[in-house]
Amino acid sequence: MAGKQSTPEQQSVRVLKVGERVRHILSELLARGEAHDEVLTAHSVSVTEVRMTPDLRNAKAYVKPLLGEDEAAVLKALRTNTAFFQREVARRLGLKFAPRLQFQPDESFDEAARIERLLNDPKVARDLDESDD
């Protein structure tokens with residue numbers, strides 16, 4: 001009798017769920033200032049998304065400091081404290097191994113602002129108006 005096999009859909013749901021749990025854990029650690037890092041304590045940092053690899057061994061955490069202030073310094077501090085975050089994530093998830101964390105700036109806000117500026121450009125607005133006719 002073969003072992004119970006999970007479907008690709010079940011696996012991808014699990015990957016998403018673990019990613020969301022990791023996001024919550026990182027957010028909580030940052031909100032409580034548990035990293036004991038002056039830069040991280042001085043900034044409010046949002047963990048906007050965590051993307052896990054299908055084997056759950058790697059995680060990319062997308063972060064944004066409040067108002068985008070001191071992003072480079074915040075990223076450096078997060079990267080300096082990666083071992084602490086990995087240990088805490090593994091402990092709180094009850095995993096044997098810690099997913100390898102990689103901190104990345106969340107550029108989606110910047111991209112949305114860029115698109116908004118393009119759409120508000122008078123030349124683009126004129127082209128859009130002409131296509132409505």
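Computed from a predicted model, the values in this text were never measured in an experiment.
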Engineer: Over all heavy atoms of both residues, which pair between Met52 and Val22 is shortest? Give the atoms and the distance, please.
Structural biologist: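 Looking at all heavy atoms of both residues, the shortest contact is SD-CG2, 4.1 Å.
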
Engineer: What pair of heavy atoms forms the shortest contact from Ala61 to Leu26, and how long is it?
Structural biologist: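 Looks like CB-CD1, 3.8 Å.
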
Engineer: Does a side-chain heavy-atom distance below 4.5 Å link Pro105 with Leu75?
Structural biologist: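 Side-chain contact under 4.5 Å: yes.
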
Engineer: Identify, with sequence neighbours excluded, every residue that meets ring-ring contact (aromatic ring centres under 6.0 Å, His included) alongside Tyr62.
Structural biologist: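 Once residues adjacent in sequence are excluded, Tyr62 has no partner under the ring-ring contact (aromatic ring centres under 6.0 Å, His included) criterion.
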
Engineer: First locate atom NE2 of His36, then atom OG1 of Thr41, and finally report the distance between them rounded to the nearest 0.5 Å.
Structural biologist: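 It is 8.5 Å, given to the nearest 0.5 Å.
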
Engineer: Taking the side chain as every heavy atom from C-beta outward, state whether Phe84 and Leu29 have any atom pair closer than 4.5 Å.
Structural biologist: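 Answer yes - side chains close enough.
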
Engineer: Is the shortest heavy-atom distance from the side chain of Arg87 to the side chain of Arg91 under 4.5 Å?
Structural biologist: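 No, too far: nothing below the 4.5 Å cut-off.
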
Engineer: Does Arg23 use its side chain to pair, donor to acceptor, with the backbone of Val47 at less than 3.5 Å?
Structural biologist: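 Flag set: sc Arg23 to bb Val47 pair under 3.5 Å.
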
Engineer: Taking the side chain as every heavy atom from C-beta outward, state whether Leu93 and Arg21 have any pair of such atoms under 4.5 Å apart.
Structural biologist: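 Touching, per the 4.5 Å side-chain cut-off.
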
Engineer: Can you tell me how far the CG atom of Leu30 sits from the CZ atom of Phe85, to the nearest 0.5 Å?
Structural biologist: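 If we round to the nearest 0.5 Å, Leu30:CG and Phe85:CZ are 4.5 Å apart.
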
Engineer: Would you give the length of the straight line joining atom CG of Asp37 to atom CG of Asn81, rounded to the nearest 0.5 angstrom?
Structural biologist: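 Going from the CG atom of Asp37 to the CG atom of Asn81 covers 4.5 Å.
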
Engineer: Could you measure the distance from the CG atom of Leu56 to the CZ atom of Arg100? Nearest 0.5 Å is fine.
Structural biologist: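 These two atoms lie 14.0 Å from each other.
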
Engineer: Could you check whether atom CZ of Arg79 has more than 12 heavy atoms from other residues, nucleotides or ligands sitting under 6.0 Å from it?
Structural biologist: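 Counting other residues, nucleotides and ligands, CZ of Arg79 exceeds 12 neighbours.
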
Engineer: Could you measure the distance from the CG atom of Asp70 to the NZ atom of Lys76? Nearest 0.5 Å is fine.
Structural biologist: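 The NZ atom of Lys76 is 13.0 Å from CG of Asp70, to the nearest 0.5 Å.
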
Engineer: Do the side chains of Glu107 and Lys64 get nearer than 4.5 Å, heavy atoms only?
Structural biologist: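 A side-chain contact is absent here, since even the closest heavy-atom pair is not under 4.5 Å.
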
Engineer: Looking at Glu49 and Lys60, is there a salt bridge between them, counting it only when a charged N and a carboxylate O are closer than 4.0 Å?
Structural biologist: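 No salt bridge links Lys60 with Glu49.
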
Engineer: Does Val63 form a side-chain contact (heavy atoms from CB on, under 4.5 Å) with Thr48? I'd like the steps, not just the answer.
Structural biologist: CA-CA 6 Å; Val63 296; Thr48 56; over 6 Å; no

Engineer: How long is the gap from OG on Ser27 to CZ on Arg32, to the nearest 0.5 Å?
Structural biologist: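 Rounded to the nearest 0.5 Å, the OG-CZ separation comes out at 11.5 Å.
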
Engineer: Excluding sequence neighbours, so at least two apart, what forms salt bridge (charged side-chain N to carboxylate O under 4.0 Å, His left out) with Arg92?
Structural biologist: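 Arg92 satisfies salt bridge (charged side-chain N to carboxylate O under 4.0 Å, His left out) with Glu28, Glu34, Glu88 once adjacent residues are dropped.
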
Engineer: Give the minimum heavy-atom separation between Gly19 and Val50, together with the two atoms involved.
Structural biologist: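 For Gly19 and Val50, the tightest heavy-atom pair comes out as O-CB, 3.4 Å.
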
